[in-house]
2 protein chains.
Amino acid sequence: MSAILPGGFGNFSHSEMDLLQSVLLSKEITKGASLLKPGQICQSLYFIGSGSFIQFKEKDEIDQQVIDLHVEQEWMLNQQSFVRQQPSETFIQAYTDSRVHELTIAALHELIRLSPVFFQLARLLDPTPSRIKLFDDQLSPAEKYQFILEHRPALLQAFPLKVIASYLKMTPETLSRVREKLSKA
Amino acid sequence: MSAILPGGFGNFSHSEMDLLQSVLLSKEITKGASLLKPGQICQSLYFIGSGSFIQFKEKDEIDQQVIDLHVEQEWMLNQQSFVRQQPSETFIQAYTDSRVHELTIAALHELIRLSPVFFQLARLLDPTPSRIKLFDDQLSPAEKYQFILEHRPALLQAFPLKVIASYLKMTPETLSRVREKLSKA
DNA sequence: GAAGGTTCTTGATTTGAATCAAGTGACTGC
DNA sequence: GCAGTCACTTGATTCAAATCAAGAACCTTC
């Protein structure tokens with residue numbers, strides 16, 4: 001196995017990368033299948049080799065709220081559930097046929113036991129600055145859209161606008177208007 | 001030194017508690033003084049023995065946005081800055097004369113080296129479920145107020161309503177109206 | 001105790017996004 | 001080809017909270 005993992009999420013030597021990759025489990029996930037369901041406890045980090053995932057919550061019988069969107073070459077997990085080892089409230093569902101590389105919590109502990117260097121992976125357990133910016137600050141719909149345009153443009157390629165709208169916590173109508181305004185600005 | 005720390009944030013034996021307390025630095029902070037300023041990197045966790053703190057961001061020259069409120073018997077830090085060791089964007093400022101017990105990052109590492117049990121403290125580095133609920137879900141002003149009424153009532157004792165309003169990301173007028181409605185419901 | 005400053009409340013108005021509604025274009029499958 | 005569905009757009013209306021404005025209650029402090 002070689003180079004399934006990108007740089008950028010840690011400072012690892014070649015041998016450390018090899019070690020890391022050796023404990024990963026490669027899995028194929030077909031479109032629509034779930035890696036995590038409400039009630040389950042998130043036990044793994046997943047690195048997406050290819051494909052895309054939607055993490056969402058059932059608001060009511062009809063509607064679902066998109067919590068996060070994940071595209072290839074990104075790590076993915078339910079942070080809350082993983083860190084506190086508590087039942088998830090969200091689904092993590094493949095939006096397309098996908099391949100993931102799974103790092104179980106046991107494997108993570110083993111890595112850290114072997115070398116404290118792997119401590120760095122713990123950073124994956126915290127919300128990214130990008131997510132914090134998007135939802136902690138209170139941005140206007142236009143600002144939210146511009147933010148992902150700038151910081152997560154891949155999402156716009158990977159998902160339909162109604163999914164993006166739900167992720168950004170606005171209606172599809174509002175997103176449509178924001179885009180229209182921006183396109184002629 | 002005895003019993004400055006409460007239970008509830010970890011599962012420690014008496015001797016572990018003693019060890020933990022032995023590495024804490026007790027500090028007095030006078031009203032208005034800052035434990036952390038924008039540009040600085042958050043290097044410590046603070047346990048508030050007595051007093052209260054406001055964590056806020058300068059929105060513009062005039063206004064400031066309250067990010068978090070901290071009262072006694074709680075741990076406090078700038079999670080983003082601490083975890084990523086990046087410059088803070090917030091102030092952590094004493095709202096009243098206070099006493100804190102400081103756990104530096106170096107002391108934390110030393111504790112974990114001595115016993116992996118202290119790993120549990122890492123949970124302090126993640127946003128609490130309470131905070132996530134308050135700002136990730138999109139609650140109405142009334143729901144936000146009811147949430148802190150139920151989950152963080154001490155805040156209402158410790159801070160004026162205009163500070164609470166800023167924390168809850170609503171105007172003081174809206175908070176006032178929410179309270180009025182609730183009081184006669 | 002008067003003057004000034006806060007905090008909080010109350011009322012009137014504005015505003016921005018949600019909702020409601022309808023329509024277009026693209027694709028899907030019979 | 002045509003009905004049906006789905007994604008997206010566009011327009012009209014509604015609604016909730018922000019803003020603007022003013023006043024009441026409670027402080028300081030000189």
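We name chains A, B, ... by the order of the sequence lines, and we start the count at 1 in each one. Here the structure is a predicted model, which is why all the values come from computation and not from measurement.
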* Starting from P on C:dG25, measure out to NZ on A:Lys162 and report it in whole angstrom. => 21 Å
* To do: Starting at atom NZ of A:Lys169, determine the distance to atom P of C:dG16, rounded to an integer number of angstrom.
  => 22 Å
* Let me know the distance between CD of A:Gln138 and P of C:dA17, rounded to the nearest Å. => 12 Å
* Interatomic distance where NZ belongs to A:Lys181 and P belongs to D:dT10 [whole Å] -> 13 Å
* Asked: Of B:Ser140 and A:Arg179, whose closest DNA chain D nucleotide lies nearer the 5' terminus?
  -> A:Arg179
* Side-chain ion pair, A:Glu180 and A:Arg177, N-O less than 4.0 Å -> no
* In whole angstrom, give the distance that lies between atom CG of B:Leu175 and atom P of D:dA18. => 10 Å
* Structure fact -> Whole-Å distance, A:Glu173 CD to D:dG11 C1', equals 11 Å
* Asked: Do the two ring centres, one from A:Phe135 and one from A:Phe147, sit under 6.0 Å apart?
  -> no
* To do: Kindly say whether the aromatic ring centers of A:Phe119 and B:Phe119 come within a distance under 6.0 Å.
  => yes
* Round to the nearest Å and state the distance from A:Leu161 atom CG to D:dT10 atom C1'. => 15 Å
* Could you tell me whether the phosphate oxygens of D:dA18, OP1 or OP2, come under 4.0 Å of any side-chain nitrogen or oxygen in B:Thr174? => yes
* To the nearest angstrom, how far is B:Leu168 atom CG from D:dA18 atom P? -> 11 Å
* Asked: Has A:Thr171 got a side-chain N or O lying under 4.0 Å from the OP1 or OP2 atom of C:dA18?
  -> yes
* Between B:Arg152 and B:Glu74, is there a salt bridge with N-O shorter than 4.0 Å? -> yes
* Asked: Do A:Arg177 and D:dG11 have a side chain to base donor-acceptor pair shorter than 3.5 Å?
  -> yes
* **base_contact_polar (C:dC8 base, B:Glu180 side chain, donor-acceptor, <3.5 Å)** => no
